[in-house]
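All values below were derived from every heavy atom in this structure, side-chain atoms included, with hydrogens, water molecules and symmetry-related copies excluded.
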Amino acid sequence: MARHRTDRRRNPTVTIYRRLARRAALVAVPVVALALSACGGGSNPLSTAPASGQASAGGPVVVGSANFTESEILADIYAGALNGAGVQATTKTGIGSREVYVKALQDGSIDAVPDYSGNLLRYFDKNATAVSAADVMKALPAATPQGLAVLDPANAEDKDSIVVTQATADKYGLKTLADLGKVCDQISLGMPPEAKDRPQGLPGLKAKYGCTPKQFVPLSDGGGPVTIKALLDNQIQAADVFTTSPLISQNHLVTLEDPQNNFAAQQVVPLVRTDRITDKAKGVLNKVQAALTTADLVKLNDQVSGSAKQDPKAAADAWLKEKGLAA
């Protein structure tokens, strides 16, 4: 997968400047100014947005991802499908939370990113009440800011869920989040840092289940190994883990039911810049969406995060080949 690194080689414009300076100082200054303005160096992957002229002229579609494994796999799938169809694409993975990568879309640092319908709707509209898949997708286009758009939703869904160990479930008699609400003051809850303020995070758990945990523990690995280890070591007693994580079954964890739908439907959707995604690119990404299933997500996550430790791009390429979407 493409990652951006700082180029530490000597800047060729400096050499040009020195040569031109010796010949004609009056000519050198504007020439060098133009050369320097075209270089755009720097190691921050979110500070290299193309100018509007460059974007309109084409160039590779940059597919970003959030900072967890499944999002990286999906970014590689999107980029691989685009490249296979003749639409040049690269990736910028591990950008961060939704708060970060939406800004990256808006400033032109990236052109597309995989996201999840329910959480995206609530991010754009904090007063949104839709929870079913159909209602979420009906409300989402109108809530999406100008310049951005969502493409077709996949059948694949990956929702947040609260999981506990079997021992904790037995100790407190936990089957649902309503049960958790009754003992929440005895529970340390691990969730992503942004869940402290997001509607489906602590505010939603409190409003719908009366759950105010004894301690909120911010964990930034998206319900990954760090979160699971904290849970198994009893440093936390409940954790936010994605429903497609193979770590749930591997560690015999109990997923608590969510009868009040605190966690809305979460179909995979591409979020894109409308000025950078052509009709051809939309068609390619929508073909991916039509082929992607929840079972695929579980399998892909297991291939990358499980014992095989497969590279995300390799797993993505194999999936594209299996679905007939490779070049």
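The main-chain N or O of Leu121 is never found under 3.5 Å from a side-chain atom of Asp125 such that the two would form a donor-acceptor pair. Side-chain N or O atoms of Thr90 include none that pairs as donor or acceptor with a backbone N or O of Val62 at under 3.5 Å. No donor-acceptor pair under 3.5 Å is formed between the side chain of Arg122 and the backbone N or O of Ala130. Checked by atom type and distance alone, the side chain of Thr176 pairs as donor or acceptor with a backbone atom of Ala178 at under 3.5 Å. Listed for the Lys280 side chain is a donor-acceptor partner under 3.5 Å among the backbone atoms of Ala85. Side-chain atoms of Asp107 come within 3.5 Å of backbone atoms of Ser109 as a donor-acceptor pair (strictly under, hydrogens ignored).
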Between Ile162 and Asp240, is a side chain to side chain contact (heavy atoms under 4.5 Å, CB included) present by the stated rule, with each step listed? CA-CA 5 Å; Ile162 301 299; Asp240 184 350; 4.2 Å; yes
Kindly indicate, with the supporting measurements, whether the criterion side chain to side chain contact (heavy atoms under 4.5 Å, CB included) is fulfilled by Leu325 and Val288. CA-CA 8 Å; Leu325 296 171; Val288 170; 4.1 Å; yes
Quick one: do Leu247 and Val163 satisfy side chain to side chain contact (heavy atoms under 4.5 Å, CB included)? Show the steps, please. CA-CA 11 Å; Leu247 295 173; Val163 303; over 6 Å; no
CA sep, side-chain torsions, deciding dist, call: Asn251, Leu231, side chain to side chain contact (heavy atoms under 4.5 Å, CB included): CA-CA 10 Å; Asn251 293 282; Leu231 191 65; over 6 Å; no
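Nearest heavy-atom pair, Asn301 versus Pro246, reported as atom, atom and distance to 0.1 Å: CB-CD, 3.5 Å. Nearest approach of Ile73 to Leu300, heavy atoms of both residues: CD1-O, 3.7 Å. Taking each heavy atom of Ile77 and Ala316 in turn, the nearest pair found is CG1-CB, 3.5 Å. Of all the heavy atoms in Asp275 and Arg273, the pair that sits closest is OD2-NH2, 2.8 Å. Shown here for Val269 and Ser117, the closest heavy-atom pair between the two residues is CG2-N, 4.0 Å. Listed here is the closest heavy atom pair of Glu157 and Gln266: OE2-N, 2.7 Å.
Here the CG atom belonging to Leu292 is positioned 12.0 Å from the CG atom belonging to Leu285, to the nearest 0.5 angstrom. The line from CD of Gln237 to SG of Cys184 is 10.5 Å long, rounded to the nearest 0.5 Å. Of the inter-residue distances, the one linking Glu72 atom CD with Ile95 atom CD1 reads 10.0 Å to the nearest 0.5 angstrom. A distance of 4.0 Å separates CG of Leu105 from CD1 of Ile110, quoted to the nearest 0.5 Å. Between Arg198 atom CZ and Arg98 atom CZ the span is 4.5 Å, to the nearest 0.5 Å. To the nearest 0.5 angstrom, Gln215 atom CD is 11.5 Å from Ile187 atom CD1.
Contact annotation: the side chain of Pro218 never approaches that of Lys196 to less than 4.5 Å [non-hydrogen atoms, C-beta and beyond]. Proximity of Val217 to Gln235: side-chain heavy atoms (C-beta onward) are nowhere separated by under 4.5 Å. In this structure, the side chains of Gln303 and Gln310 come closer than 4.5 Å at one or more pairs of heavy atoms. Val272 places none of its side-chain heavy atoms less than 4.5 Å from the side chain of Tyr78. Between Leu174 and Val254, the closest side-chain pair of non-hydrogen atoms is not below 4.5 Å.
Side-chain polar atoms of Tyr101 and Asp115 form a donor-acceptor pair below 3.5 angstrom. Between Thr293 and Asn155, the side chains place no donor N or O within less than 3.5 Å of an acceptor N or O (distance only, hydrogens not considered).
Residues Leu253 and Leu180 do not share a hydrophobic cluster, clusters being chains of Ile/Leu/Val/Met/Phe/Trp/Tyr side chains in contact below 4.5 Å. Leu271 and Leu140 end up in the same hydrophobic cluster when Ile, Leu, Val, Met, Phe, Trp and Tyr side chains are linked at under 4.5 Å. Taking hydrophobic clusters as Ile, Leu, Val, Met, Phe, Trp and Tyr residues chained together by side-chain heavy-atom distances below 4.5 Å, Val226 does not share a cluster with Leu189. Side-chain heavy atoms closer than 4.5 Å link hydrophobic residues (I, L, V, M, F, W, Y) into clusters, and following such links, possibly through other members, connects Leu151 to Leu74. Phe68 is not connected to Val298 by any chain of hydrophobic side-chain contacts under 4.5 Å among Ile, Leu, Val, Met, Phe, Trp and Tyr, and they are in different clusters.
Taking the charged nitrogens against the carboxylate oxygens, Asp317 and Lys313 do have a contact shorter than 4.0 Å, which makes a salt bridge.
Looking at residues two or more places apart in sequence or on another chain, you find a salt bridge (charged side-chain N to carboxylate O under 4.0 Å, His left out) between Asp296 and Lys323.
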N/O donor-acceptor pairs under 3.5 Å from side chains in residues 200-211, not counting sequence neighbours:
| residue | atom | partner | partner atom | Å |
| --- | --- | --- | --- | --- |
| Gln200 | NE2 | Asn119 | OD1 | 3.0 |
| Lys208 | NZ | Gln260 | O | 3.3 |
| Lys208 | NZ | Asn261 | O | 3.1 |
| Tyr209 | OH | Asp258 | OD1 | 2.6 |
| Tyr209 | OH | Gln260 | N | 2.7 |

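Between Tyr116 and Phe242, the ring-plane angle classifies as parallel under the 30° and 60° cut-offs.
Within a 6.0 Å radius of NZ in Lys126, other residues, nucleotides and ligands contribute 12 heavy atoms or fewer.
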